[in-house]
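These notes are about the structure you will find just below.
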Amino acid sequence: MKSWMVVLWPSFLMAGVAEGVFFSLVNPQELYLLGEVVDYPPLAAYSIGFLAFWALCSASSWLTCAMHTNAEAVNHLPPHHGVHQ
Amino acid sequence: MSTPPATPDVAASLYEVRQKIYPRAVHGWFATWRWLFVIGTQAVFYGLCWLPWNGRQAVLFDLAARKFYIFGLVFWPQDVFFLTVLLIISAYSLFLFTAIGGRLWCGYACPQTVYTEMFIWVERLIEGDRSAQIRLDKAPLGANKIARKLAKHAVWLGGSFWTGFTFVGYFTPIKTLSFEVVTMSLGGWEVFWILFYSFATYGNAGWMREQVCKYMCPYARFQGVMFDPDTLTVTYDVDRGEPRGSRSRKDDHRADGKGDCVDCGICVQVCPTGIDIRKGLQYECIGCSACIDGCNQVMDKVGYPRGLIRYSTQHALKEHWGWRQMLTHIVRPRIIIYTVILGVIVLAFVWGLGHKSTLRVDVIRDRGTLAREVEDEQIENVFRLQVMNVSEQPQRYTMSVSGIESIAINGPTEIEVPAATTKSVSVAVRVPEHSAKKGTNTIYFDVRSLSDDKVSVHEKARFLRP
């Protein structure tokens, strides 16, 4: 539970910031997505934008968590396991 | 995620098992203030979206039209500067309040505190106070338990849906949204965001509660840097309270070598984050002052003076200052600097809002044609003027051009722009060949409202002569 929280929550906050900055500078209706004009309804464009930012930021948070794990936890070994110490 | 048996100390702190906290109800001065803040903030949140203004919703963040309406003001994406300044003001206010009075935001105004408070209130109505709740949770599953739990979650969910609906009502006009709810014609994304916000409210205020403050809140992690020895915080007076212990009413506890703390544990029982304030200032303390109210009730009962737990500062506690001395130490360089900076930014913000022009003009050179010679030995450049009417009334504007002798606009010089709309016009500017120098010439466009002389824009552009 807590590991979910520390991944999802900071990324949610940052996605909010990214959403605000990005869409105040760029109008989604003026964007091209894979060569096509974005013709989604505005609410859909903003929502997808937010969820995409959130997913990206979550990936970053998750990587931070993953790299913060110590070697033993990664190896799934009990403590003081001889050679891997 | 499975917990590896490795390194028990790390594992214990990362995967700490949460003990459910049953905060005991408390009454007193601070509890009253906390309720006033709950009512105030929520009256604004639930009510403001229903307030009409100029025939529209007073506060509406219209994403589709890329316009934010806040009472008489209309913000366009170009006004993101104001939003940035507003965020800076909020941050500085938080710094200032925290430096003066600790976590006032957390204790009284943070949505997490406010919704938790409301949800706990519902819980108490349905399940009873602390001891009744503990008994109910320990009791085997029976009709009474099921009924109470169901009732509680139903009320929680009902409140959460209303909260989610209100939240989305700030982005889609709430009357339209209500109509869509009634006729079951809500859009997919509207449903998604209503449910998202509802379940976030339900989860955060019903289930996670203090864990949000302890593990998720970034502010809780860095609020300590805004504290100094003269910051008012919820403090236990160790010198007065210790050594703590139970005693009989008849005893002279001072003679027995005891302090004023009767060790009743009320301060721990009322704490929404479940800490013991007597251990000193902790980052889990959200400054809600429930322990002050709780302790004061006990002090009244046993006939000791109030304030064993109170708002105080490290300095005051150490030097045994009274209120007066403590308050005079609140004014210190840090507070003065924060206040001055905050004051300057707020003034600049208000000035900026007051002088926000209702007209904006962007001049873009027409890229298709650079410059061409036309009849009567004149040079013509074509510009595209984007005229933004930021006001809520349609406007007529007159355009003129200056900067080169005998420069003139060839074509109509008046333009009508509907309310809160951008209109793009193509403007041909002509100059007699002899009056412009070869290469680039600086010219100015003046766009002026016909109804209000003060509404005008002076915009620079470049005129090319081949």
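First the proteins, then the strands, lettered A, B, ... as listed; each starts at 1.
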message = Nearest 0.5 Å, please: how far is CG in B:Leu63 from CD in A:Glu19?
response = 8.0 Å

ask   = Counting only heavy atoms not in A:Tyr40, do more than 12 sit closer than 6.0 Å to its OH atom?
value = no

request  = Tell me, for B:Gln78 versus chain A, whether the close heavy atoms (under 4.5 Å) come from the side chain, the backbone, both or neither.
outcome  = neither

key: Neighbour count >12 (heavy atoms, 6.0 Å) for atom CZ, B:Phe97   = no

remark   = Answer key: most heavy-atom pairs under 4.5 Å with chain B among A:Ala45, A:Pro42, A:Gly20 is A:Pro42

message = Just verifying a value: how many Å separate A:Leu43 CG and B:Phe171 CZ, rounded to the nearest 0.5 Å?
response = 9.5 Å

inquiry  = For A:Val17, which atoms come within 4.5 Å of any heavy atom of chain B: side chain, backbone, both, or neither?
reply    = neither

request  = Check whether any side-chain heavy atom of B:Pro218 sits under 4.5 Å from a side-chain heavy atom of A:Trp9, and report yes or no.
outcome  = yes

inquiry  = Just checking A:Tyr46 against B:Trp193, ring centres under 6.0 Å apart?
reply    = no

request  = Heavy atoms only, distances under 4.5 angstrom: which of B:Trp189, B:Phe192, B:Trp76 has the most pairs with chain A? Name it, please.
outcome  = B:Trp189

key: Interchain contact, A:Leu8 with chain B, by part (heavy-atom threshold 4.5 Å)   = neither

message = Looking at B:Phe81, I'd like to know if its CZ atom is crowded, meaning that more than 12 non-hydrogen atoms belonging to other residues, nucleotides or ligands lie closer than 6.0 Å.
response = no

remark   = Between the CZ atom in B:Phe68 and the OG atom in A:Ser24, the distance rounded to the nearest 0.5 Å is 8.5 Å

request  = Would you give the length of the straight line joining atom CG of A:Asn27 to atom CZ of B:Arg66, rounded to the nearest 0.5 angstrom?
outcome  = 4.0 Å

ask   = Above 12 or not: heavy atoms from other molecules or residues under 6.0 Å from NZ of B:Lys175?
value = no

request  = Answer yes or no: does atom CZ of B:Phe179 have more than 12 heavy-atom neighbours from other residues, nucleotides or ligands under 6.0 Å?
outcome  = no

request  = Might you work through the ring pair (Phe, Tyr, Trp, His ring centres under 6.0 Å) test for B:Phe196 and A:Trp54, ending with a clear yes or no?
outcome  = CA-CA 14 Å; B:Phe196 183 93; A:Trp54 194 10; 5.7 Å; yes

